[in-house]
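One structure is given here, and the rest of the page talks about it.
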Amino acid sequence: MIYLNFTDLSEEAQTRLLENSKKDVERKFGEDIRKYVRKNHTSFEKMIAEEALCNLYSYTFVFNI
């Protein structure tokens, strides 16, 4: 679960969440994404960014108001 303060949904907080998601995706699926990138000649960073956005939907957010 990710705990957020409802008043802290600033751009910095969103960027922090996305960066955490990128690290999470790279830790979980990094090797598989690297294989896909080599096979399909695409950008690793672009793939990580796309998967990180999808990964955000799998998180459980708890808002403190």
Side-chain angles (χ1 to χ4, degrees):
M1 279 189 266
I2 298 179
Y3 292 90
L4 294 174
N5 183 335
F6 189 71
T7 60
D8 184 27
L9 295 178
S10 63
E11 187 174 339
E12 293 84 17
Q14 293 176 32
T15 302
R16 184 181 72 244
L17 285 172
L18 186 58
E19 290 301 317
N20 289 342
S21 182
K22 284 181 183 179
K23 290 176 188 174
D24 192 29
V25 166
E26 190 166 353
R27 182 181 51 81
K28 289 180 182 175
F29 309 111
E31 191 56 39
D32 292 333
I33 292 174
R34 282 184 184 87
K35 288 177 186 175
Y36 179 85
V37 164
R38 277 186 236 119
K39 183 178 178 182
N40 294 292
H41 308 289
T42 187
S43 168
F44 180 74
E45 290 301 318
K46 181 179 176 184
M47 292 297 299
I48 289 290
E50 290 174 3
E51 291 299 320
L53 286 174
C54 294
N55 188 49
L56 282 174
Y57 290 103
S58 70
Y59 289 164
T60 301
F61 293 97
V62 176
F63 292 93
N64 296 322
I65 300 175

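Numbering starts at 1 and runs along the sequence shown.
- Rounded to the nearest 0.5 angstrom, Arg34 CZ and Phe29 CZ are separated by 13.5 Å.
- Of all non-hydrogen atoms in Ala52 and Ser21, the two that sit nearest each other are O-OG, 2.7 Å.
- One finds the CD atom of Glu26 at 7.0 Å from the CD atom of Glu45 (value rounded to the nearest 0.5 Å).
- The environment of CZ in Phe44 is crowded: more than 12 heavy-atom neighbours from other residues, nucleotides or ligands sit within 6.0 Å.
- Residues meeting the side-chain hydrogen bond (donor to acceptor under 3.5 Å, both in side chains) test with Arg38, sequence neighbours left out: none.
- Legend: residues meeting salt bridge (Lys or Arg N to Asp or Glu O under 4.0 Å) with Lys28, ordered by chain and number and at least two apart, are Asp24.
- Between Arg16 and Glu19, no side-chain nitrogen of the basic residue sits less than 4.0 Å from a carboxylate oxygen of the acidic one, so the salt-bridge criterion is not met.
- The line from NZ of Lys46 to CD1 of Ile33 is 13.5 Å long, rounded to the nearest 0.5 Å.
- Each of Leu53, Leu56, Ile48 was checked for a side chain to side chain contact (heavy atoms under 4.5 Å, CB included) with Val25, and the lone residue meeting it is Ile48.
- In this structure, the separation between CD on Glu11 and CG on Leu18 is 11.5 Å, given to the nearest 0.5 Å.
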